[in-house]
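Worth knowing before you read on, the calculation uses all heavy atoms, side chains too, and leaves out hydrogens, waters and symmetry mates.
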Amino acid sequence: MTAGREAEGAGMDHASARLPSRAAKLLSALFYGTCSFLLVLVNKALLTTYRFPSPVVLGIGQMTVTIMILYVSKLSKLIHFPDFDKKIPIKLFPLPLLYIGNHISGLSSTSKLSLPMFTVLRKFTIPLTLLLETIVLGKQYSLNIIVSVFAIILGAFIAAGSDLAFNLEGYIFVFLNDIFTAANGVYTKQKMDPEELGKYGVLFYNACFMSIPTLIISVSTGDLRQATEFNQWKNVLFIIQFLLSCFLGFLLMYSTLLCSYYNSALTTAVVGAIKHGRGLEIFLFNFKQPVKT
C-alpha cells in the first residue's frame, strides 16, 4: 500500500511538473501583447508614413524570416522539430488554409468599416473561440468566464454605439475574419502536441506552407510588382523598419504560439482584443496620418 501511494504521488508530481506556472502563463501573454502592439506601430509606419503599397509582400517577408530563424536554430540544435515527411501536411491541416483566410478577410474588412465598428465586430472572436474550444478541444468554462466574455461584447457595443453604420459586405468579411481567427487559435492549440509537431514544428511548417499561396496571391494581384517598383528601397530608414517588421512578424507568430501553449486559445483571443482596445485604435488612427516633409 505504501509503495502504491508513493508511486501514485510520484505520478502526480510528474504531472504537476508539466503544468505551466502562473509566471509562464502571465509572461507569455504579456510577450504576445507587447509583440502585437509593436508590430502594429511599425506596420502603420511602413504602410502609411512611407506608403509602402504591398502588405502581402510584408507578410511574405515575415514568413521568410520565420522560416530562416527556425531552420538555422534547428541546424544549430537550439530547438527541435521533426524533419519533413509526407504526413506533415496532414498533421498540420487546416492551419495554413485558416491563416490565408484570416489574412484575406482581415485586409478586406478593414477598408469597408469604420474604425469603431470594426473594433466592435472583432470582439466576436472571443465568444467564437470559447465555442470552438468547447466543441473541438472539449474544454469547459465556468459560468463566470462565460458572463465575462459576453460583458466584453456588450461593453464594445456601448462604446461604439454612436458609430453604428450598416455595411453588409464589410460585416460579412469581418465575421469571416472572426471565424478564421478563432479557428486558427483553437486548431493551433490542438496541433502543438509535443509527441507530434510541437510548437516549433507547427510554426515552421505553417510558415512554409503559407508562403506558397501568399506568394501566388501577391503575384496574381500585382502586389509583388508594386513592391519591386517602390521608390524607397534606397532609403536606409525604410529598409531598417522593413527588416524590423519582418523580425517582429516572427516574434508575433512565436509569441502567439507561446501564449496559446501556456494558456488557452481564449486567453490569446482576449489579449488580442485588449490590444485592439478603443483608446489604442484612436491613437493608431491619428498616428497613421502621413508625416509631412
Side-chain angles (χ1 to χ4, degrees), residues 15-16 18-37 94-95 97-99 101-102 105-106 109-110 113-164 166 170-193 199 202 252 255-281:
S16 62
R18 290 182 297 174
L19 295 175
S21 66
R22 290 185 178 181
K25 291 181 177 182
L26 178 61
L27 290 175
S28 63
L30 289 174
F31 182 40
Y32 164 59
T34 301
C35 291
S36 183
F37 174 70
L95 281 183
L97 295 180
L98 293 174
Y99 180 88
N102 189 19
S105 60
S109 60
T110 51
L113 294 172
S114 67
L115 201 60
M117 196 60 204
F118 176 77
T119 303
V120 169
L121 296 178
R122 284 293 288 142
K123 294 291 191 295
F124 278 94
T125 299
I126 301 174
L128 284 172
T129 301
L130 189 150
L131 178 63
L132 285 175
E133 276 200 304
T134 303
I135 296 172
V136 177
L137 303 180
K139 194 175 181 67
Q140 298 295 324
Y141 287 101
S142 67
L143 180 61
N144 290 338
I145 292 178
I146 296 173
V147 171
S148 299
V149 165
F150 283 97
I152 292 174
I153 302 299
L154 179 61
F157 269 112
I158 294 173
S162 60
D163 297 290
L164 296 177
F166 184 79
Y171 290 172
I172 291 173
F173 276 119
V174 78
F175 278 121
L176 285 174
N177 191 220
D178 291 340
I179 293 170
F180 282 125
T181 302
N184 186 68
V186 171
Y187 278 102
T188 296
K189 179 74 175 179
Q190 184 190 54
K191 300 294 182 180
M192 285 189 293
D193 185 351
K199 56 181 180 293
V202 169
L252 178 61
S255 63
T256 304
L257 220 65
L258 210 60
C259 186
S260 297
Y261 181 76
Y262 284 118
N263 298 283
S264 64
L266 181 63
T267 300
T268 305
V270 171
V271 174
I274 293 173
K275 186 257 317 185
H276 284 291
R278 186 166 172 78
L280 176 59
E281 294 291 349

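- Under the side chain to side chain donor-acceptor pair (under 3.5 Å) criterion, T188 pairs with no residue, sequence neighbours left out.
- Going from atom CZ of F31 over to atom CG of L252 covers 9.0 Å, rounded to the nearest 0.5 Å.
- Nearest heavy-atom pair, S148 versus N144, reported as atom, atom and distance to 0.1 Å: OG-O, 2.8 Å.
- In this structure, CD1 in I179 is found 11.0 Å from CG in L98, a value given to the nearest 0.5 Å.
- With sequence neighbours excluded, no residue satisfies ring-ring contact (aromatic ring centres under 6.0 Å, His included) with F180.
- Judged by distance alone, with hydrogens and angles left aside, the side-chain atoms of K189 form a donor-acceptor pair with the main-chain N or O of N263 at under 3.5 Å.
- Between I172 atom CD1 and N177 atom CG the span is 13.5 Å, to the nearest 0.5 Å.
- Residue pairs that meet the side chain to side chain donor-acceptor pair (under 3.5 Å) test with at least one member in residues 124-138, sequence neighbours left out, are R122-T125, T125-D178, E133-Y141.
- For the pair K199 and L258, the tightest heavy-atom approach, listed with the atom from each and the gap, is CE-CD1, 3.9 Å.
- Taking CG from L95 and CD from Q190, the interatomic distance works out to 8.5 Å, rounded to the nearest 0.5 Å.
- In this structure, L26 CG and C259 SG are separated by 10.0 Å, a value rounded to the nearest 0.5 Å.
- When side chains are defined from C-beta on, Y32 does not count as touching S28, because their heavy atoms never get closer than 4.5 Å.
- Distance check: T181 OG1 to L132 CG gives 11.0 Å after rounding to the nearest 0.5 Å.
- Evaluation of the side chain to side chain donor-acceptor pair (under 3.5 Å) rule for S255 yields no partner, not counting sequence neighbours.
- In this structure S260 satisfies the side chain to side chain contact (heavy atoms under 4.5 Å, CB included) test together with M192, T268, sequence neighbours excluded.
- Other residues, nucleotides and ligands place no more than 12 heavy atoms under 6.0 Å from the OH atom of Y187.
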